[in-house]
Amino acid sequence: MSNDYTADLVTFVSDDGEEIEFEVLDTIENEDGKFYILYPYYEDPADAVNDPGEYYIFQAEEIDGEEEFVELEDEALLDKIDTIFRENNKDLFEE
């Protein structure tokens, strides 16, 4: 049995052309839409030591036939998706 782990990554390109990679922690689909929970990806785990541990939630929308990530501006929906994510992954958030 192999212990190789391959992260599911997405790459965003900033306005100044910088590529930023994120690992997909979870995908949630419900009556409100499809949502991705993303965490900054570090090739070198030592770089993650200084990360504040924040993850990001984006909604997937189809634009011109392609799936694109859109920031959630609805605080109630953001809280709802965050609650679902935390419940689905409560083992990640044990105190």
Side-chain angles (χ1 to χ4, degrees):
M1 176 187 249
S2 174
N3 287 334
D4 292 340
Y5 169 76
T6 304
D8 185 10
L9 301 176
V10 294
T11 303
F12 289 169
V13 179
S14 70
D15 291 337
D16 61 355
E18 177 185 4
E19 291 187 354
I20 306 165
E21 286 190 309
F22 290 89
E23 180 176 358
V24 178
L25 297 180
D26 200 358
T27 304
I28 297 170
E29 290 186 67
N30 63 17
E31 67 279 354
D32 297 307
K34 184 175 183 181
F35 304 88
Y36 286 87
I37 291 72
L38 306 177
Y39 186 78
Y41 176 75
Y42 302 96
E43 283 189 37
D44 181 355
D47 292 338
V49 171
N50 294 323
D51 188 277
E54 295 178 344
Y55 55 87
Y56 303 90
I57 300 173
F58 289 90
Q59 185 166 11
E61 289 189 4
E62 191 167 314
I63 300 174
D64 295 329
E66 292 193 26
E67 187 174 75
E68 294 191 20
F69 295 136
V70 178
E71 286 187 62
L72 279 175
E73 295 183 14
D74 181 333
E75 287 294 322
L77 181 56
L78 184 63
D79 289 342
K80 178 180 178 180
I81 300 303
D82 182 57
T83 299
I84 293 168
F85 171 68
R86 287 177 177 270
E87 182 61 32
N88 289 348
N89 298 281
K90 57 185 160 198
D91 57 313
L92 292 176
F93 300 101
E94 291 178 1
E95 298 276 334

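Throughout, numbering of the chain's residues begins at 1 and tracks the sequence.
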Checklist entry - Under 6.0 Å from the CG atom of Asp15, do we count more than 12 heavy atoms belonging to anything else shown? => result no
Checklist entry - Got more than 12 heavy atoms from elsewhere within 6.0 Å of CD, Glu66? => result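 Counting other residues, nucleotides and ligands, CD of Glu66 stays at 12 neighbours or fewer.
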Check for me, please, whether [X] and [Y] land in the same ILVMFWY cluster - side-chain distances under 4.5 Å, paths through other members count.
{"X": "Tyr39", "Y": "Tyr41", "answer": "no"}
{"X": "Leu9", "Y": "Ile20", "answer": "no"}
{"X": "Tyr56", "Y": "Val70", "answer": "no"}

Checklist entry - When you look at Ile81 and Asn30, which way does the side-chain contact (heavy atoms from CB on, under 4.5 Å) test go after all the steps? => result CA-CA 9 Å; Ile81 300 303; Asn30 63 17; 3.7 Å; yes
Next on the checklist: Are Tyr36 and Phe22, when compared by the centres of their aromatic rings, separated by less than 6.0 Å?
Outcome noted: no
Checklist entry - With a 6.0 Å cut-off on ring centres, are Phe69 and Phe12 close enough? => result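 Centroid separation for Phe69 and Phe12: below 6.0 Å.
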How long is the straight-line distance from [atom2] of [Y] back to [atom1] of [X], given to the nearest 0.5 Å?
{"X": "Arg86", "Y": "Asp79", "atom1": "CZ", "atom2": "CG", "result": "10.5 Å"}
{"X": "Lys34", "Y": "Ile28", "atom1": "NZ", "atom2": "CD1", "result": "12.0 Å"}
{"X": "Leu38", "Y": "Ile57", "atom1": "CG", "atom2": "CD1", "result": "9.5 Å"}

Checklist entry - Where is the tightest heavy-atom contact between Leu25 and Tyr55, given as atom of each residue plus distance? => result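 Heavy-atom minimum between the residues: CD1-CB, 4.2 Å.
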Item to check | Pair Phe35-Ile84, side-chain contact (heavy atoms from CB on, under 4.5 Å): steps then yes or no | outcome: CA-CA 11 Å; Phe35 304 88; Ile84 293 168; over 6 Å; no
Next on the checklist: One pair to check against side-chain contact (heavy atoms from CB on, under 4.5 Å): Glu68 and Glu61. What are the steps and the verdict?
Outcome noted: CA-CA 5 Å; Glu68 294 191 20; Glu61 289 189 4; 5.8 Å; no
Checklist entry - Can you check whether Asp32's main-chain N or O pairs, donor with acceptor, with Gln59's side chain at less than 3.5 Å? => result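 Looks like yes, one N/O pair under 3.5 Å.
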